[in-house]
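Following: one structure in C-alpha cells, then a few remarks.
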Amino acid sequence: MDHARRHYLDQIRRDGVTLAPAVAKAFGAVPREVFVPDGFYTGDGRRVLPADPEFLPTVYSNDVLVTKLTGDVPVSSSSQPSLMALMIDALGVQPGMRVLEIGAGTGYNAALLATMGAVVTTVDVQPDVADRARSALARAGIGGVRVETADGYTAGPDGRYDRIIVTVGVAGVSPHWLDRLAPGGVIVVPVEHAGTHPVLAVRNGAEDEVTGAVVCPAGFMSAAGPLTAQHTGSHPQPTVFAGDLDETAEQRWDPALDALAYRDLWYAAGAWHHRVTRAGVPRREQTCFALVDDSGAAGAAVLPDGRVLASGPAAEQYTAVAVALAERWWALGRPPMRAWRVGLAPGGDPAAPIRVPRTWTLTRRPDPA
Ligand SMILES: C[S@@+](CC[C@H](N)C(=O)[O-])C[C@H]1O[C@@H](n2cnc3c(N)ncnc32)[C@H](O)[C@@H]1O
C-alpha cells in the first residue's frame, strides 16, 4: 500500500473509527482518485482539479468530495470515508453476498464493497452520474458491480439481496427494499430525524414489524422522489434563526458536552419532541438543535454547554420545553443514540408509501457516565 493510502487509513482511525481488517484492506486497495476524475468542489464552491496540488491530499483525507452541484446545492458526492466505514461495518458484508446500493454517486463505495467480495448492484437516479460511476469502476478494473439508472424507491432491477445500503438521506424505508431483502438481511440507511440523517440498521421482524437500531450520526444530501416525502411525524426542515436571540437559560454543563454527547442529546430531544430540528444561529459557526415554531425562524436553540438562546413570541414556552428535554436526558444517564430502537410505520405519499419512524424506545441501560 502506498504512503498516501496508509496515511488515509490513519486519518479515518484517528477520527474514531475502528476498521475491521477486511474494511481496512478495501480502503487500502481502491484508488479513490479514479472515482473523481473531474475533480470536486470545496465547501466554498471552488473546483479542485486533478492537476491541482491539493487534489491528492484531499482525496486521501477523511473528507466528503462533492462532485456535482445544482446551483450551489450538492447533488452528488463521495461520502466521508469514516462514515462509509461505519456503514459498511454495520452492513456485515461477507464474500459472495448480494448487495444493493441506493445512490451510486461516484461508484467508490460500490468498489469498496466489491473489493470485499460482495456482488453489487448500485442504482442512481441521475443518468450522467450512473454513467460516470460505471466508467470509473471499469477504469479501476473493479468487477462484480452492476450500475443502473433508477429511482432507488423501486429498488432497481429485479433481484434478492442479502444486504441493502442507502447512501443518500431518506425520510423512510421503501417497502420494495423490504420485499427484496433475503431473510436475516439488513438495510443500512440514513433516515431523517430532527434535521439530520442518523444511520439506522433496519430489519424485517415478525408480523410485519419493521425496526431500526441507531448506528451513528450522519448528515446526507436528501434523495429525490418519494423517498423524501413529508409525513405526519416529519420534524421541521433545517432552518436558520432570523435576527437576534436572547439567552433564556444559563449554562448547565461545565465542561460543555463533547460533540458525540451533544449528538446523543439531540437524538433524544428529537425522539421526544416533534418540533426539534437543525438550526443555524446568528454569529455561531456550528449548527445546533432547536425547537422551532411554525415560522421556522424562531424558537429555542440548545448549545453544547446547555445554554438556551431563544426568540419569537413563544420563546419562554420553547425554552421551558428545551430545558425539560435536557433534564430528562441527563436524568436517564445520558443515553447514547445507539441505545434507541425505532419502529417504522407506513407513511409518506399514499401513491408511493414508505416506512417512516413512528416510535422510539430506549433498549438498554445506558453506559455509566
Ligand atoms: C452521497 S451520493 C452517494 C455516494 C456514493 N455511494 C459514492 O460512493 O460515491 C448520493 C447519490 O444519491 C443519488 N440519489 C438521490 N436520490 C436518489 C434516488 N431517489 N434514487 C437513487 N439515487 C438517488 C444522487 O444522485 C447521488 O449521486
Side-chain angles (χ1 to χ4, degrees), residues 12 23 26-27 30-41 59 62-70 73-88 90-91 93 99-116 118 120-137 139-140 142 145-157 163-177 180 187-192 196-197 199 218-229 348-349 352-354:
I12 298 173
V23 181
F27 273 99
V30 178
R32 195 183 190 201
E33 69 275 23
V34 174
F35 293 85
V36 288
D38 303 319
F40 50 83
Y41 297 91
V59 164
N62 188 22
D63 275 342
V64 59
L65 306 174
V66 173
T67 48
K68 187 174 174 187
L69 296 171
T70 296
V73 178
V75 291
S76 196
S77 64
S78 169
S79 308
Q80 190 183 27
S82 56
L83 179 55
M84 283 191 270
L86 287 169
M87 291 177 72
I88 291 173
L91 208 59
V93 178
V99 177
L100 172 65
E101 181 189 43
I102 308 296
T106 62
Y108 178 61
N109 191 55
L112 295 171
L113 293 166
T115 302
M116 293 174 70
V120 184
T121 299
T122 182
V123 301
D124 204 288
V125 72
Q126 304 188 71
D128 59 321
V129 171
D131 287 348
R132 279 200 292 273
R134 205 176 290 111
S135 308
L137 286 155
R139 272 198 315 278
I142 306 241
V145 183
R146 175 178 174 192
V147 185
E148 300 284 344
T149 300
D151 185 321
Y153 176 76
T154 63
R163 301 285 186 267
I164 298 178
I165 182 165
V166 183
T167 58
V168 62
V170 297
V173 168
S174 165
H176 301 290
W177 306 340
R180 300 283 194 83
I187 305 172
V188 174
V189 52
V191 180
E192 254 172 45
T196 69
H197 289 103
V199 176
F220 269 92
M221 58 185 68
S222 291
L227 290 170
T228 42
D349 177 356
I354 49 178

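As the structure is a prediction and not an experimental result, all values here were calculated from the model. Order of appearance sets the numbers: ligands from 1, and atoms from 1 within every ligand.
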Give a yes or no on whether the backbone of Val34 and the side-chain of Tyr108 come within a donor-acceptor separation of less than 3.5 Å. no
Please list, in number order, the atoms of ligand 1 under 4.0 Å from a heavy atom of Ser79. 1 (C), 4 (C)
Report the nearest protein non-hydrogen atom to atom 10 (C) of ligand 1: residue, atom name, distance rounded to 0.1 Å. Thr167 O, 3.5 Å
Which atom pair, heavy atoms only, marks the closest approach of Gly348 to Ile354? CA-CG1, 4.1 Å
Relative to the heavy atoms of Ala223, which atoms of ligand 1 are at a distance of less than 4.0 Å? 15 (C), 16 (N)
Report the nearest protein non-hydrogen atom to atom 12 (O) of ligand 1: residue, atom name, distance rounded to 0.1 Å. Gly103 CA, 3.4 Å
Using a strict 4.0 Å cut-off to heavy atoms of Leu227, name the atoms of ligand 1 that fall inside it. 19 (N)
Which of the numbered atoms in ligand 1 are under 4.0 angstrom from any heavy atom belonging to Asp151? 18 (C), 19 (N), 20 (N)
So is Tyr153 close enough to ligand 1, meaning a heavy atom under 4.0 angstrom away? no
Distance-only, no hydrogens or angles: does the Thr228 side chain make a donor-acceptor pair with backbone N or O of Ala224 under 3.5 Å? no
Under 3.5 Å donor-acceptor, Arg180 side chain and Gly156 backbone: yes
Do the non-hydrogen side-chain atoms of Phe35 and Leu137 ever get within less than 4.5 Å of each other? yes
Can you sort out which atoms of ligand 1 are near Ala104, meaning under 4.0 Å from one of its heavy atoms? 5 (C), 6 (N), 7 (C), 9 (O)
What atoms in ligand 1 come closer than 4.0 Å to a heavy atom of Asn109? 6 (N), 8 (O)
Apply the test side chain to side chain contact (heavy atoms under 4.5 Å, CB included) to residues Val188 and Arg163: give CA-CA distance (whole Å), side-chain angles for both, the deciding distance (0.1 Å), then the verdict. CA-CA 8 Å; Val188 174; Arg163 301 285 186 267; over 6 Å; no
Compute the minimum heavy-atom distance from Gly225 to ligand 1 and say whether it is under 4.0 Å. no
Give the residue, atom name and distance (to 0.1 Å) of the protein heavy atom nearest atom 2 (S) of ligand 1. Ser77 O, 3.4 Å
Closest heavy-atom approach to atom 17 (C) of ligand 1 among Ile165, Val125, Thr122, Thr106 is made by Val125
Do side-chain atoms of Thr121 reach the backbone of Arg146 as a donor and acceptor pair under 3.5 angstrom? no
Enumerated ligand 1 atoms positioned under 4.0 Å from heavy atoms of Val129: 27 (O)
Check: of Thr67, Val166, Val168, Thr149, min heavy-atom distance to atom 15 (C) of ligand 1 comes from Val168
May I ask you to identify the nearest protein heavy atom to atom 25 (O) of ligand 1, giving residue, atom name and distance to one decimal place in Å? Asp124 OD1, 2.6 Å
For the side chain to side chain contact (heavy atoms under 4.5 Å, CB included) test, which of Thr122, Leu83, Asp124, Asn109 pairs with Thr167? Asn109
Residue and atom name of the nearest protein heavy atom (relative to atom 20 (N) of ligand 1), distance in Å to one decimal: Gly152 N, 2.7 Å
Look at ligand 1 and say whether Lys68 reaches it with a heavy atom at a distance under 4.0 Å. no
Quick one: do Val168 and Met221 satisfy side chain to side chain contact (heavy atoms under 4.5 Å, CB included)? Show the steps, please. CA-CA 6 Å; Val168 62; Met221 58 185 68; 4.2 Å; yes
Show which atoms of ligand 1 fall inside a sub-4.0 Å distance from at least one heavy-atom site of Ala150. 20 (N), 21 (C)
Hey, is ligand 1 close enough to Ala224 that some N/O pair sits below 3.5 Å? yes
Donor-acceptor pair, distance only, cut-off 3.5 Å: does the side chain of Ser76 make one with the backbone of Thr67? no
Is Asn62 reaching over with its side chain to a backbone N or O of Ile12, donor-acceptor style, under 3.5 angstrom? no
For His176 and Thr154, the nearest pair of non-hydrogen atoms, with its separation, is CB-O, 3.8 Å
